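Every value quoted in this text rests on a predicted model; they were computed, and no experiment measured them. Both backbone and side-chain heavy atoms feed into the values below; hydrogens, waters and symmetry mates do not.
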Amino acid sequence: MALNVGTVASRIVVVAESRTPVVRVAQLMRENHIGAVIVIEDAAPRNRPVGIVTDRDLVIEVLAMDVNHQTLTAGDVMTANVQTVRESDAVFDAAEAMRRSGVRRLPVVDVEDRLVGIVTFDDLVELLAQELGSLASTIRREQRAEAKARK
């Protein structure tokens, strides 16, 4: 049985609307110790992702360009048409989507495209590390059992 994205995704997602000042977006990142804020629809039902603003976006699009950040909004700097994954998608499909899109974070949506979480490259690396640790433990147990049986 394939592990799905919903089992590894964080269900706590920091969001902003496209009209949110970019300074506030940066503050949300700092307050929550995160590197991305998901931009959601401004109008009801307000739970569909329309973009993402990353810490890299702020550096490349605002600081490096010496733009007046006081007038910018999340909508001005966000990556629109953000790649998403469904919570029912296989974890390896999420990893492939990240690789193909060159991103480290994917909003997770339900069957109605409503935001339900976020999955990050770090989440996938942690999962892989746990799985590799389990495999290594199994190998060690088998080796001990074989050595004991051969005495």
Side-chain angles (χ1 to χ4, degrees), residues 1-140:
M1 180 173 133
L3 200 57
N4 68 24
V5 171
T7 61
V8 298
S10 172
R11 298 299 176 149
I12 300 170
V13 185
V14 179
V15 299
E17 295 177 344
S18 63
R19 64 179 176 244
T20 303
V22 76
V23 171
R24 180 64 188 136
V25 173
Q27 290 168 344
L28 286 168
M29 288 181 192
R30 180 179 168 86
E31 291 166 7
N32 292 281
H33 310 286
I34 57 173
V37 171
I38 304 301
V39 181
I40 57 170
E41 296 171 313
D42 290 343
R46 294 180 32 137
N47 57 352
R48 288 189 173 80
V50 296
I52 187 169
V53 178
T54 67
D55 47 6
R56 189 172 197 282
D57 293 330
L58 296 178
V59 170
I60 304 278
E61 298 297 326
V62 180
L63 293 175
M65 299 301 290
D66 197 23
V67 176
N68 180 0
H69 64 276
Q70 297 297 330
T71 61
L72 291 177
T73 65
D76 295 327
V77 298
M78 74 180 186
T79 300
N81 302 315
V82 64
Q83 170 81 44
T84 62
V85 290
R86 294 207 188 281
E87 59 188 331
S88 59
D89 287 348
V91 168
F92 289 111
D93 291 338
E96 175 60 19
M98 285 181 190
R99 186 196 63 74
R100 195 175 50 252
S101 301
V103 298
R104 298 175 49 87
R105 304 164 183 96
L106 294 172
V108 179
V109 296
D110 64 13
V111 294
E112 296 176 359
D113 291 327
R114 293 178 303 208
L115 183 65
V116 296
I118 188 167
V119 64
T120 67
F121 178 79
D122 294 351
D123 295 331
L124 300 182
V125 168
E126 184 178 339
L127 174 66
L128 183 58
Q130 290 171 358
E131 292 301 313
L132 287 173
S134 293
L135 286 172
S137 180
T138 300
I139 290 168
R140 282 191 299 274

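- Counting all heavy atoms, side chain and backbone alike, Val50 lies closest to Met78 at O-CE, 3.8 Å.
- Annotation: salt bridge (charged side-chain N to carboxylate O under 4.0 Å, His left out) contacts involving residues 6-17, sequence neighbours excluded, comprise Arg11-Glu87, Glu17-Arg19, Glu17-Arg46.
- Listed by chain and number, the residues in a salt bridge (Lys or Arg N to Asp or Glu O under 4.0 Å) with Arg140 amount to none (sequence neighbours excluded).
- In terms of heavy atoms, Arg105 sits closest to Ala36 at CD-CB, 3.2 Å.
- Listed by chain and number, the residues in a side chain to side chain donor-acceptor pair (under 3.5 Å) with Ser10 amount to none (sequence neighbours excluded).
- For the atom pair CG (Leu106) and CG (Leu124), the distance works out to 8.0 Å, reported to the nearest 0.5 Å.
- In this view, Val109 and Pro49, Thr84, Arg86, Asp113 satisfy the side-chain contact (heavy atoms from CB on, under 4.5 Å) rule, not counting sequence neighbours.
- For the pair Asn4 and Ser88, the tightest heavy-atom approach, listed with the atom from each and the gap, is CB-O, 3.7 Å.
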- Query: Step by step, would you call Val119 with Val85 a side-chain contact (heavy atoms from CB on, under 4.5 Å)?
  - Reply: CA-CA 9 Å; Val119 64; Val85 290; 4.1 Å; yes

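- Residues Ala74 and Val53 come closest through the heavy atom pair O-CG2, 3.8 Å.
- The stretch residues 58-71 participates, sequence neighbours left out, in no side-chain hydrogen bond (donor to acceptor under 3.5 Å, both in side chains) pair at all.
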- List the steps and the verdict of side-chain contact (heavy atoms from CB on, under 4.5 Å) for Leu127 and Leu3. CA-CA 10 Å; Leu127 174 66; Leu3 200 57; 3.4 Å; yes

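- To the nearest 0.5 angstrom, Thr120 atom OG1 is 11.5 Å from Ile34 atom CD1.
- Here the CG atom belonging to Asp123 is positioned 8.5 Å from the CD1 atom belonging to Ile118, to the nearest 0.5 angstrom.
- Every residue meeting the side chain to side chain donor-acceptor pair (under 3.5 Å) condition with Thr73, not counting sequence neighbours, appears here in chain and number order: Asp76.
- Counting all heavy atoms, side chain and backbone alike, Val82 lies closest to Gly51 at CG1-N, 3.9 Å.
- Screening Val15, Val13, Thr20 against Ile40 for a side chain to side chain contact (heavy atoms under 4.5 Å, CB included) leaves a single residue, Val15.
- Within the structure, the side-chain hydrogen bond (donor to acceptor under 3.5 Å, both in side chains) test picks out the following pairs touching residues 28-39 (sequence neighbours left out): Arg24-Glu31.
- In terms of the side-chain contact (heavy atoms from CB on, under 4.5 Å) criterion, residue partners of Glu126 (sequence neighbours excluded) are, by chain and number, Gln130.
- Shortest non-hydrogen contact noted between Asp57 and Ile52 is OD2-O, 3.6 Å.
- Residues forming a salt bridge (Lys or Arg N to Asp or Glu O under 4.0 Å) with Arg114 (at least two apart in sequence, or on another chain): Asp110, Glu112.
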Donor-acceptor contacts under 3.5 Å from residues 90-98 side chains, at least two apart:
residue : atom : partner : partner atom : Å
Glu96   : OE1  : Arg99   : NE           : 3.1
Glu96   : OE1  : Arg99   : NH2          : 3.4
Glu96   : OE2  : Arg99   : NH2          : 2.5

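- With sequence neighbours left out, the side chain to side chain donor-acceptor pair (under 3.5 Å) criterion links Ser18 to Asp42.
- Judged as a salt bridge (Lys or Arg N to Asp or Glu O under 4.0 Å), and not counting sequence neighbours, the contacts of Arg104 are Asp122.
- Atom CG of Leu128 and atom CG of Leu135 lie 9.5 Å apart (nearest 0.5 Å).
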